[in-house]
Amino acid sequence: MSVQQQSGEHGSVASRPREQWSGQWGFILSAIGSAVGLGNIWRFPGVAYENGGGAFLIPYLIALVTAGIPILFLDYAIGHRFRGSSPTAFRRLGGKAGKWLESLGWFQVWICIIIAVYYAAVVAWAASYFTFSFDLRWGDDTAGFFFGEFLQTSDPGFSSQFVPAVLIPLVLVWVAVLAVLGSGIAKGVQRANVIFLPLLVVAFLILVVRALFLDGAMTGLDALFTPDFSALSDPSVWIAAYSQIFFSLSIAFGIMITYSSYRSRKANVTAPALVVAFANSSFEIIAGIGVFATLGFFAFQQGVGIDELENITGVSLSFVTFPAIVSQMPGGPFFGILFFGSLVMAGFTSLLSVLQVVSSAFQDKFGITARQASIRVGVALATVSVLLFSTTTGVITLDTVDQWANNIGIVGAAIASTILVIWVFRKGPELAAHLNSVSTFKVGRLWQLLVGVLAPAVLLYMLIQRIIVLVTEGYEGYPLWYLAIAGWGTIAVILIGAITMTALRWKHDPDDFTPWPSAQALKELSK
Amino acid sequence: MSGIAITFFIVAAVLVWGGLIASIIFLARKPQLDVYPEGSELVSDDD
């Protein structure tokens with residue numbers, strides 16, 4: 001009898017063998033597809049420019065090596081050793097005395113639920129703009145078109161007035177993503193990533209090459225890469241670097257735990273993680289070049305400096321500034337198709353990974369199949385997504401929920417997981433030994449130090465700083481009652497959801513499990 | 001582009017894209033371990 005059978009892995013949690021990626025590179029492409037998302041394209045370039053330009057790359061690379069990669073290793077180690085969705089893995093990690101640690105897994109799952117319902121809306125916007133690119137539908141007033149004609153934005157609140165131009169593509173996005181999810185890991189998630197990730201890279205590279213030959217492109221790159229060394233003495237620049245790495249790598253909210261749980265027991269864990277981390281940053285550098293070459297052209301056309309441009313990051317960059325640029329450049333529709341096609345592909349593969357966290361958790365807890373999870377859970381989430389984000393208040397709700405889910409929810413989950421795993425349950429040595437027992441790239445005490453001390457310290461600073469700002473200054477001038485419901489209410493929903501799901505009964509006993517290599521074998525290996 | 005901007009672009013490219021190439025080569029040369037801990041014969045190695 002194999003260890004898997006002894007452990008009940010085949011017989012307890014899911015009553016069938018756990019699905020697996022079809023190979024090492026299938027997993028790597030899927031993990032890169034998760035990490036490379038909208039933030040790589042519309043967040044990194046602006047953050048780098050506003051935080052020291054070329055000099056920002058110094059804290060950025062330090063953050064990658066000291067926090068991004070170490071936490072990525074931690075996620076992979078937890079998922080791979082305890083072979084389950086986030087709640088299952090944390091429950092098993094906690095052991096007999098720490099079954100309550102399952103709630104941390106559910107906290108991450110609920111973050112993913114929240115993110116999925118609004119992230120799908122952004123993918124739907126990008127899909128709409130992909131079609132708008134053919135005839136440059138946005139006209140001359142791109143801001144007026146986006147917030148007015150397209151989204152029909154009203155004042156902060158909760159409208160029941162649906163916007164068909166958003167509702168229809170949003171429903172289509174949900175149908176597509178749930179169809180992929182329901183097909184399982186290898187035939188669904190992996191296949192989608194194997195198709196979309198290379199397409200994304202090719203499309204974006206064509207876009208970058210085209211952008212480099214535009215008038216003013218070099219001025220844009222000069223603005224991006226010229227270092228402002230005085231920025232290095234500003235703590236906020238370092239926090240921006242750690243934030244960018246942290247949010248960009250899809251770490252600490254269950255995705256990488258879930259993805260690594262579908263790897264075989266003998267799979268190399270750390271070396272593929274290095275490929276994923278560097279691939280993610282490589283794409284960010286390419287995105288920086290593409291975006292700033294294009295902004296350089298825009299500034300040239302306007303006869304202004306790059307520093308005078310507005311809306312150079314986030315939703316406004318993509319849906320206000322870029323359409324304006326597309327309208328002005330020769331062959332604009334083709335450029336728009338490439339840009340918004342890239343956004344759709346990057347967003348879709350990331351959305352898949354977020355929803356896989358949810359699907360996997362429900363499959364484990366209730367003993368249902370991927371298809372059942374896709375239909376039962378997915379349709380419920382799609383309904384909430386449509387109700388909240390295809391209305392005239394959708395963009396404001398999205399902006400607010402995103403702010404709280406990321407800066408409070410994910411950062412809080414990361415602090416909790418690093419402190420609980422390393423300090424409370426003291427699993428650092430076991431996880432390090434596990435990584436070393438199956439991987440070709442070894443980790444040591446330094447990794448435990450980075451995950452257990454540096455990462456939580458930086459993250460705690462980020463969290464406290466953000467809470468102070470949100471409490472004292474509010475957000476975007478929205479009414480306090482609205483922030484209480486859409487902002488802090490989001491955190492309340494995540495907490496209540498985590499507690500409720502932890503309290504429910506498991507279909508199959510998740511504790512009937514023996515990790516491999518055994519703790520004893522790991523101790524001997526560590527000597 | 002100014003000289004300092006070009007320098008920082010090259011440094012970024014070498015470190016980040018170089019890191020990607022190095023990590024791919026490292027993984028391709030040694031995709032998995034030769035020897036696993038005890039009990040490895042009992043677990044699946046179909047990856």
Undergrad: I need the contact set between residues 45-56 of chain A and chain B: heavy-atom distance under 4.5 Å, sorted by residue number.
TA: Gly54(A), Ala55(A)

Undergrad: Counting only N and O atoms by type, is there a donor-acceptor contact under 3.5 Å from the side chain of Tyr36(B) to the main-chain atoms of Val438(A)?
TA: no

Undergrad: If you look at every heavy atom in Leu57(A) and Ala12(B), which pair is closest and at what distance?
TA: CD1-CB, 3.4 Å

Undergrad: Heavy-atom distances under 4.5 Å only: say whether Leu221(A) touches chain B with side chain, backbone, both or neither.
TA: both

Undergrad: Could you check, using the six-membered ring where one of them is a Trp, whether Phe9(B) and Phe225(A) have ring centers closer than 6.0 angstrom?
TA: yes

Undergrad: Locate the shortest heavy-atom distance separating Lys30(B) from Asn268(A); write the atom from each residue and the value.
TA: O-ND2, 3.8 Å

Undergrad: Got more than 12 heavy atoms from elsewhere within 6.0 Å of CD, Glu524(A)?
TA: yes

Undergrad: What pair of heavy atoms forms the shortest contact from Thr226(A) to Ala5(B), and how long is it?
TA: OG1-CB, 3.5 Å

Undergrad: Determine the minimum heavy-atom distance between Pro37(B) and Pro517(A), stating which atoms define it.
TA: CG-CG, 3.6 Å

Undergrad: Output the distance between atom CZ (Phe283(A)) and atom CG (Leu20(B)), rounded to the nearest 0.5 Å.
TA: 12.5 Å

Undergrad: Contact part of Leu522(A) toward chain B, heavy-atom cut-off under 4.5 Å: side chain, backbone, both or neither?
TA: neither

Undergrad: Does the ring center of Phe8(B) lie less than 6.0 Å from the ring center of Tyr60(A)?
TA: no

Undergrad: Check whether more than 12 heavy atoms from other residues, nucleotides or ligands sit under 6.0 Å from atom NZ of Lys442(A), and answer yes or no.
TA: yes

Undergrad: Which bit of Ser439(A) is near chain B, if near means a heavy-atom gap under 4.5 Å: side chain, backbone, both or neither?
TA: backbone

Undergrad: Quick check for you: to the nearest 0.5 Å, what is the distance between Lys266(A) atom NZ and Leu33(B) atom CG?
TA: 10.5 Å

Undergrad: With a 4.5 angstrom heavy-atom cut-off, is it the side chain or the backbone of Phe26(B) that approaches chain A, or both, or neither?
TA: side chain

Undergrad: Considering only heavy atoms and a distance below 4.5 Å, find which of Pro227(A), Ser437(A), Ala217(A) pairs most often with chain B.
TA: Pro227(A)

Undergrad: Does any backbone or side-chain atom of Leu274(A) lie under 4.5 Å from a heavy atom of chain B? Answer side chain, backbone, both or neither.
TA: both

Undergrad: Could you check whether any side-chain N or O of Trp17(B) sits under 3.5 Å from a backbone N or O of Ala279(A), counting only pairs where one atom can act as donor and the other as acceptor?
TA: no

Undergrad: Pick one of side chain, backbone, both or neither for Leu64(A), based on which atoms fall under 4.5 Å of a heavy atom in chain B.
TA: neither

Undergrad: Grab the two heavy atoms, one from Glu38(B) and one from Ala521(A), that are nearest each other, plus how far apart they are.
TA: CG-CB, 3.9 Å

Undergrad: Mind listing the closest non-hydrogen atom pair of Ser281(A) and Val16(B) along with its distance?
TA: C-CG1, 3.5 Å

